[in-house]
Amino acid sequence: QLVRALGPRGACDVLCRLRIVWISHMHADHHLGLLDVLARCSPQNRGGCVCGIVHARERPVVVVGPRPLRAWLEAYKRSCEPLELIFFDCAELVVPQQPSTRYFSEQFAM
């Protein structure tokens, strides 16, 4: 879709600048395209970017997503091809911190 929307050079620019991807949940329309993106952004990608140039990345793409996504990516890496990425479990961003039992009474004079 990037190539269709931006052309080969525009898609290359987006992929080369990509630093982080957020996958909200495990539905195919949200995560299946991630494999191709990560493969194209991987230093092991011998075919290069969509523009035909092999680009050197300073660091792997960060993938933020649900825990099952990590297992799925790890299984893919073991079975199909190596992918370089840093995974961050999105639950770490949304799990509320538990205040002490007196927090509200102390903070809001309740």
Side-chain angles (χ1 to χ4, degrees):
Q1 289 177 345
L2 282 174
V3 174
R4 245 181 308 186
L6 305 173
R9 289 279 179 200
C12 178
D13 184 49
V14 168
L15 290 174
C16 290
R17 292 183 297 117
L18 185 67
R19 300 287 179 255
I20 188 166
V21 176
W22 175 282
I23 303 294
S24 59
H25 58 281
M26 294 294 291
H27 284 175
D29 62 327
H30 290 258
H31 74 280
L32 286 183
L34 179 61
L35 295 173
D36 188 50
V37 168
L38 292 173
R40 291 182 185 280
C41 292
S42 176
Q44 294 91 0
N45 179 13
R46 302 289 179 238
C49 194
V50 292
C51 69
I53 300 170
V54 177
H55 301 278
R57 293 189 68 82
E58 292 178 19
R59 55 182 80 96
V61 173
V62 174
V63 177
V64 180
R67 194 167 293 125
L69 180 63
R70 171 183 266 164
W72 183 74
L73 289 169
E74 292 298 327
Y76 180 83
K77 287 166 40 175
R78 281 191 308 274
S79 302
C80 299
E81 66 180 316
L83 296 174
E84 192 171 328
L85 64 108
I86 298 169
F87 189 86
F88 190 82
D89 186 345
C90 65
E92 298 293 325
L93 301 173
V94 296
V95 173
Q97 302 299 314
Q98 298 299 315
S100 71
T101 56
R102 293 177 295 189
Y103 176 83
F104 291 102
S105 61
E106 292 170 354
Q107 297 297 317
F108 302 105
M110 298 173 95

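Just the heavy atoms: all of them, side chains too, but no hydrogens, waters or symmetry mates, feed the values below. These numbers come from a predicted model, not from an experiment.
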Starting at [atom1] of [X], measure out to [atom2] of [Y] and round the result to the nearest 0.5 Å.
| X | Y | atom1 | atom2 | result |
| --- | --- | --- | --- | --- |
| Ile23 | Cys90 | CD1 | SG | 10.0 Å |
| Leu32 | Met26 | CG | CE | 8.5 Å |
| Leu85 | Leu34 | CG | CG | 8.0 Å |

Distance-only donor-acceptor hits, side chain of residues 67-76, under 3.5 Å, sequence neighbours excluded:
residue, atom, partner, partner atom, Å
Arg67, NE, Asp89, OD2, 3.1
Arg67, NH2, Asp89, OD2, 2.7
Arg70, NH2, Phe87, O, 3.3
Glu74, OE2, Lys77, NZ, 3.4
Tyr76, OH, Glu81, OE2, 2.6

Inset, instruction - Taking the side chain as every heavy atom from C-beta outward, state whether Leu83 and Leu35 have any atom pair closer than 4.5 Å. - result: yes
Inset, instruction - Determine the sole option in Leu38, Ile20, Val37 for which the side-chain contact (heavy atoms from CB on, under 4.5 Å) test with Val63 is passed. - result: Leu38
